[in-house]
Structures are given as structure tokens and as C-alpha cells.
Amino acid sequence: RNLYTKLDAVGTPALSQNGSFCSIRSVRGDYSQAKMKVPGLLSCALLLLTVALFPAVALALDNGLGLKPALGFNTWNAFGTRIDEVQMREMADLLVKEGFLKAGYQYLNLDDAWADNSRASNGSLVAHPRRFASGISHLADYVHSKGLKLGIYGDAGYLTCAGFPGSRGHEAADAAVWASWGVDYLKYDNCWADKRDFVVGRFKAMQDALNRTGRPIMFAMCEWGVADPWLWAPRVGNSWRTTADIKATWEDVLRCLDNNIGLARFAGPGAWNDPDMLEVGNGALTLPEQRAHFALWAFMKAPLLIGTDLRAASSEVKTILLAKEVLAVNQDELGVAADLVWKQGSNEVHAGPLADGSRAVALFNRHHPEYPLNNITVHWRQLGCKSSAKATVRDLYKKKDLGSFAGSFTGEVEAHGVLALRITPAQKSDCSNKWRPWSDDATQAADQADTHEATQEAKNIYLKGLTKQSRWVPIGSKRSRPTGHGTGGTRSSRRRSRRRDGGSGRLQQSDRAGASVEGTV
């Protein structure tokens, strides 16, 4: 059956037929109002069963935790299964010594492989006798003495992903032992589960077990996005993975980013999308790629869990991870995640509102490094602001105001890089406090205006080109001249600005500032 599931402000479900998709519309107070079309019988079944499991509850898990995205350290990306208590004490010491705790990073999380290969004779989980000889309780005491909180790893199947004991069928006992050890955070994975064992039920069982312990334990669900967790997980956990595991490659960072796009509407205080842990400091990621990775995750209000060995982290890596003004966006009181609001080719604008009425904006250049610089423009109308408004633009990584601008801002962005900006209107009334990045009407209007504007500019360029026998004449310039390095152009970018784009019939031409102007001719 094709069903339309509507959840009102207090979460009461109502069902009716609608269209050719199984759809859900969620209303979360001031945080979101959205419609998502989900094809397929399985997704429809998930929606029905979720409504049956949670017939009249608030849409966000109300355990008082995760009101802001978690900040901390997790062992997996740095160490895999090669973890021990000495190493964890060193990480705790560095989180304090290097200023990470002061910046807000409070969780030190053990991932898979902390446990022994089998349970104790009484069925209880036990720590690995050699690598964690002092026990998890003693490690928790040490971590707490530093002002940090301890996280641990479990699995909703019969084994963990690395083959250690899972928690299916042992939820109550495992939650109780973690609470007795002083654990503050649980990452709960999804390996080795019976396919007939309903995914929502498995994670709901652990939620109930954690609640019964009486100890506040952040519940981070890691079911990899396979069962559309954004539809039901907000009422079960404090965060939920939206992707398969990340790897320390640029391609994988993009995959995780893309799988998270369009999901901002489902997140809010107490419940967050999780595109997986950070790879800043790992692999062959360049510094621009690491800055882009960190800023985009921060703006999406993802949990920011460091995944690099802090003992070997360079000063540049630590500077990225400790970027105060980027972290402030992630921890903003409003709790509205940024999302993609504009895309053209390799250029993207991601944006979201902040509590003081300003906007967090990431100008993102995905282009191949062969073309090292692109100019990307954000228009105030794309941010729910008046086109005539004046606003201050601030570079968050540089902690520097770039000036006051009317109507729009164009920034020069390196390949695989980002400009992380805070845009603050001169008058609060110039920007709607109800704007959200998933506002369909505003987005469509901005896209239509951009398309019309780009088409007209491209036609003007073409007509000017017909009257000249020399080079293209940039719009607004009095004479033809090549774009120099001082204005953001390079030899390769000038070649690109004079070519047809892939035979599509779309012309590109750089203006005086080096911005790409496109339109169908």
C-alpha cells in the first residue's frame, strides 16, 4: 500500500493514501517541516512498523543528552583494533594538554576490540585481559579525573564487526555493566545480525536497556543508513550513521557528504545525522581537503570525533581541529544543520541559520586540482534574506571580517577547498528567522533567478564576442585583458573559461573577478 505518514508536533501519527511513494512528513517544532519520498516496499514497511513501535511519543529522544553534537576522540580511524589502556591514557592526557577539552572535545571513545574474545562464565562482558588489564572501570576513573567522559563500543548483532561478543539478547546485562563501569557514551554497531531481526527493534532494545540503568549514556547508533534511520532514529538514539564507514580518501569524504545531503531537516537538539568520524590528519588528504572535510561536517551539525593519533598530529592538523569559530557553528544553540542550497557543476553552497540570526555558509569547490581556483557566489536570497540587504562576511578559519556586502558575496575557493563563512545581516529584520535550508519555495525561487541571470549574462558575453575580433570581453570591463594571478586566474583557468563545456552547448566565461558565468546560448 502507498501510505502517507504524518507526524504532528507531538508525534501523533495519522495514515492516508497519497501518490506512488511511501512518504513521511515530520514536524519538529521550530526545527523542521519536511516531506521525504521513499520508494520500495521495505521502506514502507519500516515506516508502518516504526509508527506501530512509537505510537505517541515526541520525535526526538528525550534523555537530556546530545543537545549539541558530540565532540571527542574515537580510536577506530587512528588505531583500528590495536588499542590498549596505556594508549588511551595518553590520548586523554593529550586532549587536555593540547587544548581539545577546553575547545569542547569531552568524549574519549573506545571503538571495537576493547573486549575479551568471550564472555565471563556468568555471561557478562569483560575487558581484554592483556590490553586492558586494569579493567574499563579503572580507565573510566582516569578519564573522569581529567574532566573527560568515556565512551565504549557495542553491537546490535551476535558479534561485533571485529568478531568480539555482540549484545543481541544481552542488552539489559550489557547496559548494566557499562553503567557500573562509569561509561558515558555508547557507539552501537550493526554487524552480525540476523536479517530477519528487525533493525528498529534491535536498536530500540538497547535504548530501553540504557534507560533502565538510570545512568545518562549518550546513544550513538551505527546502522550505516541502511534502513533510512533519519525516519525513526530521532526517537531512539542521540545520533545515527547515515553512511557506510569512511576511509581517509577524498573520494570517500565526498561519498559520506553526498549521502548526508538532504537530511538536515531530520536533525535537531538531541538527535543528529552522523556521516561518520573525522579523517582529518589521516591518509593522503591535503590540507585544503582536511579543512573542507572539517568545516562541512561542523556545518552539518555532525558529531565531531577526532580519528587521528594525537601523538603524531601536525600543528596544521591541530589548528584545523581547534578552529574555534568553525566549532562554534557546530555547537550553535539553534541546532539547525546546514544543507546544500545551491549547486552548479563542481561549485556548491551549503548553508544554515544560526541562533543570532546570522548564516553559516560554506562555499565548496569540488573541481579537479587541474583548475586550482573557482569563484563561487552566494546570494542573500538563497539564505532567506532580502536581496537588498547589507551583511558582514567573516572568514571563520582566518577569524577575519572580509567586509560588508550588499546582495551577495563572491569568494575565491581553491580546488577541493572551502570558504567557511559567517554572514551577519546589518539589520536582523533583513533575514527571516524561519528560514531553513530545506525550504523548497525559497530554494526553487533562488535557482530560477540564478538560471535566468546566468543565461542573460552568457547571452551578453556571446553578443559582445560577435562584435570583437580579439579575446572575449569580460562583462563590466572597458577593454579585453587576460585574467591575471592577482585576480584569481591561472593559465589553465583561462583556457577553461574560453571553452565549450563538454560539448553541452553551455558557454563559460570568467568576469573581471574570475567568477564563472554560465548560461545556455
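Counting from 1, the numbers follow the sequence of the chain as shown. On a predicted model such as this, the values are computed, not experimentally measured, just so you know.
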Exercise for the section: Compare all side-chain heavy atoms of E414 with those of N365 and state whether any distance is below 4.5 angstrom. Expected result: no
Handout entry: Side chain N109, main chain N74, donor-acceptor under 3.5 Å
Key = no
Practice task
May I ask you to decide if V413's main-chain N or O and N374's side chain share a donor-acceptor pair within less than 3.5 Å?
Solution key: no
Exercise for the section: Would you mind listing every salt bridge (Lys or Arg N to Asp or Glu O under 4.0 Å) that reaches into residues 246-264, with sequence neighbours excluded? Expected result: D252-R255, D258-R366
Completion exercise
G335 and P269 have their tightest heavy-atom pair at O-CD, 3.8 Å
Practice task
May I ask you to test the T75-M91 pair for a side-chain heavy-atom distance under 4.5 Å?
Solution key: no
Handout entry: Under 3.5 Å donor-acceptor, H416 side chain and P369 backbone
Key = no
Problem - W380 (side chain) donor-acceptor with A389 (main chain) under 3.5 angstrom - result: yes
Exercise for the section: For residues A355 and E333, report the shortest heavy-atom separation together with the two atoms involved. Expected result: CB-CB, 4.2 Å
Practice task
Would you check if the side chain of N238 reaches a backbone N or O of F219 as a donor-acceptor pair within less than 3.5 Å?
Solution key: yes
Completion exercise
Value for CG (L304) from CG (L327), rounded to nearest 0.5 Å, stands at 6.5 Å
Exercise for the section: Could you tell me whether the side chain of H368 and the main chain of E370 form a donor-acceptor pair under 3.5 Å? Expected result: yes
Problem - SB check D274 K187 (cutoff 4.0 Å) - result: no
Exercise for the section: Please confirm whether the backbone N or O of G281 pairs with a side-chain atom of Q290, one donor and one acceptor, at under 3.5 Å? Expected result: yes
Problem - Sidechain N-carboxylate O distance under 4.0 Å for K400, D395 - result: no
Handout entry: Whether D276 side chain and I246 backbone form a donor-acceptor pair below 3.5 Å
Key = yes
Practice task
For N282 and G307, indicate whether the former's side chain and the latter's backbone hold a donor-acceptor pair under 3.5 Å.
Solution key: yes
Could you pull out every donor-acceptor pair under 3.5 Å between side chains of residues 94-106 and any protein atom, sequence neighbours left out?
unit_1: Y105; atom_1: OH; unit_2: L321; atom_2: O; d: 2.6

Problem - Any P437 side-chain heavy atom under 4.5 Å of P353 side chain - result: yes
Handout entry: Nearest heavy-atom neighbours spanning M218 and L65
Key = N-CD1, 3.4 Å
Practice task
Give every residue pair that meets the salt bridge (Lys or Arg N to Asp or Glu O under 4.0 Å) criterion with at least one member in residues 299-312, sequence neighbours excluded.
Solution key: E90-R311, D309-R311
Exercise for the section: Assess whether atom NZ of K390 is packed by more than 12 heavy atoms of other residues, nucleotides or ligands within 6.0 Å. Expected result: no
Practice task
Spell out, as yes or no, whether a donor-acceptor pair under 3.5 Å connects the side chain of W342 to the backbone of N347.
Solution key: no
